Amino acid sequence: MVRVDSRRRNQRKKWILRIILLALLVGIGFGVYTVGKQLWAHDGLSTTSKQGQHVVTSVAAFDTVTKEKQSPTMYNGIKRKVAYLTFDDGPNSHTPEILRILKEHNIKATFFMLGNSMQQHPDLIKQIAAEGHYPALHSMTHDYTKLYRSGSANNFVEEQKEAQQLVKEATGITTNLIRAPYGSAPQIKEPFRNDIAEEGFKMWDWTLDTLDWKYAKNPSGMLDEVKRGLKKDTEVILMHDRKQTVEILPEIIEYISSQGYEFEVYDPNAHFVVNFHHDERL
């Protein structure tokens, strides 16, 4: 009888030891799994998370971000309203006042300059670039017949290249952004655009025209055009270096700001399409 009790006690101890050992193994295994998972995630070997439109994948010591190409109205996944102020036909006697107003409001703009005017005001080209505005091109002559009636893009391209050289000589900047005098439609057809694209130029038209040519004696008409036309999340606003522009520009800036827009300057490293033909090459 004593032997039987002793044997039972020994078997009970063995089972208790087995249960304890099993519990220890389970605990150790769970700990290893948890730590391993954290290390795995930290090293970025398999963690992928979706946040809105962004898919972020961490890889070892660096991060790569795969996402859809963002429009100028997106910043870190947040929607913005952005206005680009653009000025044509300068530099001239009105340009210094426009620059002064922009400086007062801490705004950078884009200037589509005429070569003939640049030759007369090289210091203004330098000032435009030095103050953080983008120097863009608007041909040499603005002559419709010369630019568009020859049957080819040769005159147009040559004038843009000549204007491009003037900017480079004055500022050291090689600018490829152009605006076609009178806009790209309807005069610039596909063969014409082919030649522009082959030269490496990018071409902006506009989304909102202030029609300043109509309002020489009534600058408030420009503001009315802005109020009627300001609708898109990204607006490229056409103005000219003119007296009426100087007079109404502060009010235009204040109104655009009141509608929740931020102001941006053209960035060649973040070019987006703004031409009437929706030509992705330009």
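Just so it is clear, the model here is predicted, and its values are computed rather than measured.
- If you look at His105 and Phe263, their ring centroids are not closer than 6.0 Å.
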Worked verdict on Glu235 versus Lys81 for salt bridge (Lys or Arg N to Asp or Glu O under 4.0 Å): CA-CA 8 Å; Glu235 295 281 13; Lys81 294 168 73 176; over 6 Å; no
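- Taking each heavy atom of Val265 and Gly132 in turn, the nearest pair found is CG2-O, 4.0 Å.
- Between Glu247 atom CD and Leu223 atom CG the span is 13.0 Å, to the nearest 0.5 Å.
- Residues Ser117 and Asp89 form no side-chain contact, since every pair of their non-hydrogen atoms from C-beta on lies 4.5 Å or further apart.
- Residues Asn92 and Arg242 bring no donor and acceptor atom of their side chains to less than 3.5 Å of each other.
- Heavy atoms only, all atoms of each residue included: Gln160 and Pro181 are closest at NE2-CD, 4.5 Å.
- Taking all atoms of both residues into account, the shortest heavy-atom contact from Ile125 to Pro91 is CG1-CG, 4.4 Å.
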Verify side-chain contact (heavy atoms from CB on, under 4.5 Å) between Leu85 and Ile107, making sure each step is shown before the conclusion. CA-CA 9 Å; Leu85 300 183; Ile107 292 172; 4.1 Å; yes
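- Counting heavy atoms from C-beta outward, Met113 and Val167 have side chains that approach closer than 4.5 Å.
- Relative ring orientation between Phe276 and Trp206 is described as perpendicular, the plane-to-plane angle rising above 60° on a 0-90° scale split at 30° and 60°.
- Leu147 is listed as a side-chain neighbour of Ser139, based on a closest heavy-atom distance under 4.5 Å.
- For the pair Arg193/Leu282, a side-chain contact is recorded, criterion being any heavy-atom separation below 4.5 Å from C-beta on.
- The side chain to side chain donor-acceptor pair (under 3.5 Å) test with Thr141 is passed by exactly one of Glu162, Lys146, Glu159: Glu159.
- Contact detail for Lys126 and Thr171: the closest heavy-atom pair is CA-CG2, 4.2 Å.
- In the hydrophobic clustering of ILVMFWY residues, with side-chain heavy atoms under 4.5 Å counting as a link, Ile128 and Val246 come out together.
- Side chains of Thr110 and Val236 form no contact here, defined as non-hydrogen atoms less than 4.5 Å apart.
- In summary, the side chains of Thr174 and Gln164 do not present any donor paired with an acceptor at a separation below 3.5 Å, with no hydrogens or angles considered.
- One finds the NE2 atom of His240 at 10.5 Å from the CH2 atom of Trp213 (value rounded to the nearest 0.5 Å).
- Annotation: the span from Leu124 atom CG to Leu99 atom CG amounts to 7.0 Å, rounded to 0.5 Å.
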Check step by step if side-chain contact (heavy atoms from CB on, under 4.5 Å) holds for Tyr148 and Ile188. CA-CA 8 Å; Tyr148 301 120; Ile188 297 184; 3.8 Å; yes
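- Heavy atoms only, all atoms of each residue included: Ser220 and Ile248 are closest at CA-CD1, 3.9 Å.
- Using a 4.0 Å cut-off between charged nitrogen and carboxylate oxygen, Asp205 and Arg179 do not count as a salt-bridge pair.
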Please lay out, stage by stage, how Arg281 and Asn194 fare under the test side-chain contact (heavy atoms from CB on, under 4.5 Å). CA-CA 9 Å; Arg281 300 171 301 169; Asn194 293 342; 2.8 Å; yes
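- When the side chains of ILVMFWY residues are joined at heavy-atom separations under 4.5 Å, either directly or via intervening members, Leu102 and Ile256 end up in a single hydrophobic cluster.
- In this structure, Arg80 does not pair ionically with Asp233, as no charged nitrogen and carboxylate oxygen lie closer than 4.0 Å.
- Counting all heavy atoms, side chain and backbone alike, Gln187 lies closest to Tyr144 at OE1-OH, 3.6 Å.
- Under the 4.5 Å side-chain criterion, counting only non-hydrogen atoms from C-beta, Met222 is in contact with Thr245.
- Tyr84 places none of its side-chain heavy atoms less than 4.5 Å from the side chain of Val274.
- Donor-acceptor pairing under 3.5 Å is lacking for the side chains of Thr210 and Glu225.
- In this structure, Leu249 and Ile98 have side chains that are in contact, with non-hydrogen atoms separated by less than 4.5 Å.
- Ion pairing of Glu264 with Lys108 is absent here, as no side-chain N (NZ or NE/NH1/NH2) approaches a carboxylate O to less than 4.0 Å.
- In this structure, a donor-acceptor pair under 3.5 Å is present between the side chains of Tyr134 and Thr175.
- In this structure, a donor-acceptor pair under 3.5 Å is absent between the side chains of Asp241 and His94.
- Both Ile237 and Met203 belong to a single network of hydrophobic side chains, linked directly or stepwise wherever heavy atoms of I, L, V, M, F, W or Y lie under 4.5 Å apart.
- The aromatic rings of His133 and Phe111 lie perpendicular to each other, with more than 60° between the two planes, well past the 30° mark.
- Two rings, from His142 and Tyr182, have their centers less than 6.0 Å apart.
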